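Please read the structure below before turning to the comments.
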There are 2 protein chains.
Amino acid sequence: MAVPSTCLASLRVACSNCNLRELCLPVGLSGTELGQVEQIVATRRKIRRGEALFRAGDRFESLYAVRLGFLKSTLMSPDGHEQVTGFHMAGEVVGLDGISAEAHTCDTVALEDTEVCVLPYERLEEIAAAVPSLQNNLRKVMSREIVREHGVMLLLGSMRAEERLAAFLLNLSQRFEARGYSRTEFVLRMTRAEIGSFLGLKLETVSRALSHFAQDGLIEVEQKHLRILDSDRLRAVLGSSVSKEAH
Amino acid sequence: MAVPSTCLASLRVACSNCNLRELCLPVGLSGTELGQVEQIVATRRKIRRGEALFRAGDRFESLYAVRLGFLKSTLMSPDGHEQVTGFHMAGEVVGLDGISAEAHTCDTVALEDTEVCVLPYERLEEIAAAVPSLQNNLRKVMSREIVREHGVMLLLGSMRAEERLAAFLLNLSQRFEARGYSRTEFVLRMTRAEIGSFLGLKLETVSRALSHFAQDGLIEVEQKHLRILDSDRLRAVLGSSVSKEAH
DNA sequence: CGTTTCGTTGAAGAGTGTCAAGGCCAGTGG
DNA sequence: CCACTGGCCTTGACACTCTTCAACGAAACG
């Protein structure tokens, strides 16, 4: 449990060479600062599809910056129900939940083969104390996570099934685009059940909504492969509940 | 907009005298550290019921520690729907959402006359740089907010109306108890509509669920006044959806 | 190539939302 | 002091969205 079964790559990591540095913790840092930040990254770690990066209850030791791949975070409710709280892709930092109680509070599992930079928290604290802009970036990353979750609360609290799914697809689209991938064509790494869990819906509802969008020509979907055909109309789905009321 | 219309109390504040210090940012700090932290608190600010502490879009300048009173944070969806993202009481820190974009992303409004300590963020950063345990506490407060929101996602994503309400009441109960108030008898400062917004329900559903709990002898409710009669059975409501499945 | 997981679709039913009417309470002005 | 007003809450009846249950097909995996 202390030593993860997954491969520990001991090669030295250079943020300066990483094409994610503009999305990741060291965003906006100067060359010399970058050098200091590179001292944080102890190792990289590979997680194969289906394996956990960490589990709820594990001692909190590190944050992780996703280099490559795709993960989900899940919470287990007392009655055994699994709630997906987020999906994570390259450039995003995971493990922030562990800081408060010095233990992780959710499971984070790879949905495809994934590679992360391991950022030992103690070392991160030390370096951040010496590099104000890193300190600042860390707080911004945490704040952004809070804002993101507010958005999810809005989604879960006030949207209906198709609005939720549209918002979800558009969000994915935008995140892929920010990483240099196509914003109109991508692969859903997660299952319908996982999408449903995240959106507070059953997998059948997700499937039906996808079929409906496809039938209306908003998207094309074949298994996990998704193509957005009409992002404007997909965006319009978000405001659809109003158009009925505000006549 | 820059200068709030609410009263600025210029009297010097002493965390060391504050009976909330065990719940608030300076938790666990030594006497000398406490002295430094007190330099952060510039002023207190009073917000009357219905007034905003800050609004979405306001420039982010300070965090706020609630000294007294009760607030809600709300997000406005593009279609004009208001989503409550949280309720805040004494000892809690609000405004964390503003750090990421240097602007607030939600409205935070007093539900009763409220008093907060104003913590100018720049000064907070300076002092935190010199007081590691404060630095640490700030990150823990942020992380705790992330964990809290995970819990809300679980609630919104997987519970039904009465489970949500039970979870909500028990959460309030526990927070009141932590502040030295009764855990069985308290006043709901928010309206049914605000509870509903937070829980992803309509106000009628909240009202019906409360009536149902009252009818079953779990609670007593008269307007905003609430008394928990049987917290065990209220807790049992949370797991009720299982008992049907796991026969 | 069988087994398992995942996805789609239909039909029926439960849980909430919607709409509407009425009651209670606090604040306001006559 | 009382009537009036507006906000808040409760309750009922009905509509609708989403879930549940079930069957089947397709893809992934050993």
Side-chain angles (χ1 to χ4, degrees), chain A residues 48-50 72 81-84 109 111-113 155-166 168 187-215 219-226 237 240-242 244-247, chain B residues 48-50 72 79 81-84 109 111-113 155-166 187-215 219-226 237 240-242 244-247:
Chain A
R48 272 195 298 264
R49 182 173 164 219
K72 67 170 176 179
H81 177 93
E82 178 181 295
Q83 171 72 35
V84 173
V109 174
L111 295 179
E112 65 177 337
D113 291 0
L155 182 147
L156 290 173
S158 71
M159 295 185 186
R160 354 242 209 90
E162 300 201 343
E163 296 176 302
R164 294 183 196 191
L165 190 65
F168 175 70
V187 174
L188 300 169
R189 299 291 171 185
M190 68 297 282
T191 67
R192 304 289 191 266
E194 285 161 341
I195 298 174
S197 168
F198 181 61
L199 298 180
L201 303 169
K202 294 294 158 185
L203 66 95
E204 293 94 331
T205 307
V206 173
S207 180
R208 274 187 254 268
L210 283 173
S211 300
H212 188 204
F213 285 165
Q215 199 179 328
I219 62 172
E220 233 173 57
V221 57
E222 191 181 340
Q223 296 300 121
K224 308 247 184 200
H225 187 97
L226 190 127
V237 171
S240 62
S241 62
V242 207
K244 286 181 213 153
E245 294 164 28
H247 48 174
Chain B
R48 271 194 298 264
R49 180 172 165 223
K72 67 169 176 180
D79 58 316
H81 177 94
E82 179 181 295
Q83 171 72 35
V84 174
V109 174
L111 294 180
E112 65 177 337
D113 291 0
L155 182 147
L156 290 173
S158 71
M159 295 185 186
R160 3 157 120 238
E162 300 200 343
E163 295 175 302
R164 294 183 196 191
L165 190 65
V187 174
L188 300 169
R189 298 293 171 183
M190 69 296 281
T191 67
R192 304 291 191 264
E194 286 160 342
I195 297 175
S197 169
F198 181 62
L199 298 179
L201 302 169
K202 294 294 157 184
L203 70 95
E204 293 93 333
T205 306
V206 173
S207 180
R208 273 187 255 267
L210 283 173
S211 300
H212 188 204
F213 286 165
Q215 199 179 326
I219 63 172
E220 232 173 58
V221 55
E222 191 182 337
Q223 297 299 119
K224 307 248 184 202
H225 187 97
L226 190 126
V237 172
S240 63
S241 62
V242 209
K244 289 181 211 154
E245 293 162 27
H247 48 174

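These numbers were taken from a predicted model, which means no experiment stands behind them.
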Inset, instruction - Please check the phosphate of dT8(C) (OP1 and OP2 only) for any side-chain N or O of R192(A) closer than 4.0 Å. - result: yes
Inset, instruction - Let me have a per-nucleotide readout for nucleotides 22-30 of chain D, 5' to 3', with B, S or -, counting only protein heavy atoms under 4.0 Å. - result: -----S-S-
Inset, instruction - Let me know which of R189(B), R49(B), K72(B), R48(B) forms a salt bridge (charged side-chain N to carboxylate O under 4.0 Å, His left out) with E112(B). - result: R189(B)
Legend entry - Residues forming a ring-ring contact (aromatic ring centres under 6.0 Å, His included) with F198(B), sequence neighbours excluded: F87(B), F168(B)
Legend entry - Of all pairs that satisfy salt bridge (charged side-chain N to carboxylate O under 4.0 Å, His left out), the ones with a partner from residues 197-207 of chain A, not counting sequence neighbours: none
Inset, instruction - Rounding to 10 degrees, work out the angle separating the end axes of the helix from dC1(C)-dG30(D) to dG30(C)-dC1(D) (five pairs an end). - result: 40°
Legend entry - Presence of donor-acceptor pair under 3.5 Å, side chain of R208(B) and base of dT18(C): yes
Inset, instruction - Under 4.0 Å between any heavy atoms, over every strand shown, what does L210(B) touch: base, sugar-phosphate, or nothing? Just pick one. - result: nothing
Inset, instruction - Look only at the side chain of R192(A) and the backbone of L203(A), and say whether a donor-acceptor pair between them is shorter than 3.5 Å. - result: no
Inset, instruction - Find the distance L201(B):CG to dT17(D):C1' and express it as a whole number of Å. - result: 15 Å
Legend entry - Separation of E163(A) CD from D79(B) CG (nearest 0.5 Å): 7.0 Å
Inset, instruction - Quickly work out the K202(B) NZ to dC8(D) C1' distance and round it to whole Å. - result: 16 Å
Inset, instruction - Verify the contact: side-chain N or O of S211(B) to OP1 or OP2 of dT11(D), cut-off strictly under 4.0 Å; return yes or no. - result: yes
Legend entry - Rounded distance (Å) that lies between atom C1' of dG17(C) and atom CZ of R160(B): 16 Å
Inset, instruction - Among the candidates dC9(D), dC18(D), dT8(C), find the nucleotide nearest to the side-chain atoms of L203(A). - result: dT8(C)
Legend entry - Gap between atoms CG and P, on L188(B) and dT10(D) respectively (whole Å): 10 Å
Legend entry - Nucleotide nearest K224(B) when distance is taken to its side chain, options dG7(C), dC8(D), dG17(C): dC8(D)
Legend entry - Any T205(B) side-chain N or O less than 4.0 Å from OP1/OP2 of dG17(C): yes
Legend entry - Interatomic distance, H212(A) NE2 vs dT17(D) C1' [rounded to whole Å]: 13 Å
Legend entry - Where V206(B) and L165(B) come nearest, the two heavy atoms and their spacing: O-CD2, 4.1 Å
Legend entry - Length of the CG-P vector between L165(B) and dT16(C), whole Å: 11 Å
Inset, instruction - Please report, rounded to the nearest Å, how far the P atom of dT5(C) is from the CG atom of L111(A). - result: 17 Å
Legend entry - By side-chain hydrogen bond (donor to acceptor under 3.5 Å, both in side chains) - contacts of H81(A) (at least two apart): none
Legend entry - Nearest-angstrom distance from the residue atom CZ of F213(A) to P of dT9(C): 14 Å
Inset, instruction - Report yes if some heavy atom in the side chain of L156(A) is under 4.5 Å from a heavy atom in the side chain of L155(B); otherwise report no. - result: no
Inset, instruction - Calculate, to the nearest 0.5 Å, the distance between atoms CD1 and CG belonging to I195(A) and L210(A) respectively. - result: 6.0 Å
Legend entry - Pairwise 5' ranking along DNA chain D for M190(B) and M159(A), keeping only the more 5' one: M190(B)
Inset, instruction - Applying side-chain hydrogen bond (donor to acceptor under 3.5 Å, both in side chains), name anything that partners E220(B), two or more places apart in sequence or on another chain. - result: R227(B)
Inset, instruction - Would you classify G196(A) as touching base, sugar-phosphate or nothing, given that sugar-phosphate means primed atoms plus P, OP1 and OP2, and contacts are heavy atoms under 4.0 Å? - result: nothing
